[in-house]
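Hydrogens, waters and symmetry mates play no part in the numbers below; they use all other heavy atoms, side chains included. Please read these numbers as outputs of a predicted model, since none were measured by experiment. Positions are given from 1, in the same order as the sequence printed here.
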Amino acid sequence: MAAAGGAVWRSLRDLAEEVRDLHGTDRVPYLPEPPSPLQFHREWLCPNRPCIVRNAISHWPAMQKWTLDYLRNLLGSKAVSVAVTPNGYADAVYDNKFVMPEERTMSFADFVDIIEKKTHSPGVFYIQKQCSNLTEEFPELMGDVEDHIPWMSEALGKRPDAVNFWLGESAAITSLHKDHYENLYCVISGEKHFILHPPSDRPFIPYEMYQPATYKVNEDGTFEVIDGEPSDKVPWIPVDPLEPDLSLYPAYGETRPLHVTVKAGEMLYLPSLWFHHVRQSHGCIAVNYWYDMEYDIKYHYFQLLDSLTKAAGNS
């Protein structure tokens, strides 16, 4: 069995190398303008390749209007949901648990005071609720952006499942994960820093099962971790691409992560099933559109790759 597993492992490693060579996944290309729906479908969506699109959101009023002062004046007294963590890592592995942030309701003005360091509160604060919070929680802002991206909607034949609003501190970090969405990530101000892995890197990216838990802030400002139901274990990636522990996860050394900075006015197309880790500049404002992926042959190939990875002993 060990010999068979080793043979599978070598085949998976060769496959990942072949995919890199065939698809040129050593960099993320820039497009000077939005593609036509047909061009996008042929050159990016079907090959499952990321790209950065320029001049796709320059016509949005948000590009001129969305400063912290403008948002404070418009939304100041509004109660909003904010993720709070002690270390900036929400939905991430900590102390051998999958720990989610404390979801705190506060006024938008109080949140901006923390971002601007006018007041101090323990923890790292991030508006990151991912249930179409732009349309559901911030409808006042929808007139400054589009409710969908027309060329993407035509290419896919559907509207987005969710439109999300992101604003937070530079210490807020999104741990390495993947989504079953075609993602258009638009930066309004500041910068987002992505580390990307194609789906073919799955054999080198470990998953483990973790007890779910949630951060809770005490009255004295300290954080504690409250355990969830032990039967509801969560599969998550324990490796940190910023400081990978190759003694624990040597297979991760086989990857070639892509480092991409998305600047204000740019849009990243992040294909479905690509692994990504995200950082940001302080006070960065962004909007993203999640379009449900097609559960076609690419999805089933990924499921096969995932099963072979587990069979080879790298869960």
Side-chain angles (χ1 to χ4, degrees), residues 25-28 30 50-54 57 66 68 71 81-94 98-103 111-112 114-117 121-130 133-134 164-179 181 183-198 201 204-206 215 223 236-246 249 252-253 255-271 273-290:
T25 51
D26 59 342
R27 64 184 182 86
V28 176
Y30 286 84
C51 61
I52 294 176
V53 186
R54 289 175 168 155
I57 60 173
W66 282 14
L68 291 180
L71 295 176
S81 177
V82 181
V84 185
T85 61
N87 54 12
Y89 282 85
D91 299 337
V93 176
Y94 173 76
F98 175 74
V99 189
M100 295 167 281
E102 176 182 283
E103 291 289 346
F111 169 74
V112 173
I114 293 171
I115 297 296
E116 294 183 326
K117 302 188 184 304
S121 187
V124 177
F125 290 70
Y126 194 15
I127 292 179
Q128 58 138 39
K129 199 168 185 179
Q130 298 154 47
N133 69 336
L134 184 57
N164 301 310
F165 174 82
W166 308 79
L167 171 58
E169 300 183 72
S170 59
I173 294 174
T174 302
S175 66
L176 190 64
H177 70 289
K178 70 179 189 313
D179 297 310
Y181 289 106
N183 189 351
L184 292 179
Y185 206 104
C186 311
V187 176
I188 308 298
S189 69
E191 296 179 344
K192 289 277 184 174
H193 309 287
F194 288 80
I195 298 175
L196 305 180
H197 290 280
D201 273 354
F204 318 121
I205 295 176
Y215 286 116
F223 284 78
W236 206 256
I237 300 168
V239 69
D240 182 352
L242 297 175
E243 296 181 342
D245 187 342
L246 298 183
Y249 309 108
Y252 187 77
T255 67
R256 295 188 206 161
L258 302 179
H259 294 260
V260 181
T261 295
V262 185
K263 299 180 180 180
E266 295 179 340
M267 170 192 290
L268 170 67
Y269 166 54
L270 178 58
L273 303 178
W274 274 65
F275 300 93
H276 50 288
H277 172 282
V278 192
R279 293 170 293 150
Q280 62 191 350
S281 61
H282 194 77
C284 177
I285 303 172
V287 171
N288 85 301
Y289 297 79
W290 272 342

In Å and rounded to the nearest 0.5 Å, what is the CG to OH distance from L184 to Y289? 8.5 Å

My understanding is that only residues two or more places apart in sequence, or in another chain, count here; which of them pass side-chain hydrogen bond (donor to acceptor under 3.5 Å, both in side chains) with Y181? none

Applying side-chain hydrogen bond (donor to acceptor under 3.5 Å, both in side chains), name anything that partners Y252, two or more places apart in sequence or on another chain. H197

Please name the pair of heavy atoms, one in L167 and one in F111, separated by the smallest distance, quoted to 0.1 Å. O-CZ, 3.3 Å

Sequence neighbours left out, what pairs pass side-chain hydrogen bond (donor to acceptor under 3.5 Å, both in side chains) with at least one residue falling in residues 85-94? Y89-D240

Going through the checks in order, is the ring pair (Phe, Tyr, Trp, His ring centres under 6.0 Å) test met by Y185 and F194? CA-CA 11 Å; Y185 206 104; F194 288 80; 5.4 Å; yes

One should read off an interatomic distance between K263 NZ and S281 OG, to the nearest 0.5 angstrom, of 11.5 Å

Distance in Å, I52 CD1 paired with L268 CG, rounded so as to fall on 0.5 Å steps: 5.5 Å

Residues in side chain to side chain contact (heavy atoms under 4.5 Å, CB included) contact with P271, at least two apart in sequence or another chain: N48, P50, E182, Y269, W274

To the nearest 0.5 Å, tell me how far Y126 OH sits from I173 CD1. 10.5 Å

Taking only residues two or more places apart in sequence or in another chain, which ones pass side chain to side chain contact (heavy atoms under 4.5 Å, CB included) with H259? I195, P257

Work out which heavy atom in S81 is nearest to a heavy atom in K129; give both atom names and the distance. OG-CD, 3.7 Å

V53 versus Y30: any side-chain heavy-atom pair under 4.5 Å? no

Partner residues of E266 under the salt bridge (Lys or Arg N to Asp or Glu O under 4.0 Å) criterion, sequence neighbours left out: R54

Side-chain H-bond candidate by donor/acceptor type, W166 with N288, under 3.5 Å: yes

Once side-chain hydrogen bond (donor to acceptor under 3.5 Å, both in side chains) is applied, do any residues pair with D245, and if so which ones, sequence neighbours excluded? S247

Sequence neighbours left out, what passes ring-ring contact (aromatic ring centres under 6.0 Å, His included) with F98? Give chain and number order. W236

Taking atom CD of Q280 and atom NE2 of H193, what is their separation to the nearest 0.5 Å? 8.5 Å

Salt bridge (Lys or Arg N to Asp or Glu O under 4.0 Å) with E191: which residues, sequence neighbours excluded? none

Which residues pass the side-chain hydrogen bond (donor to acceptor under 3.5 Å, both in side chains) test with W66, not counting sequence neighbours? D144

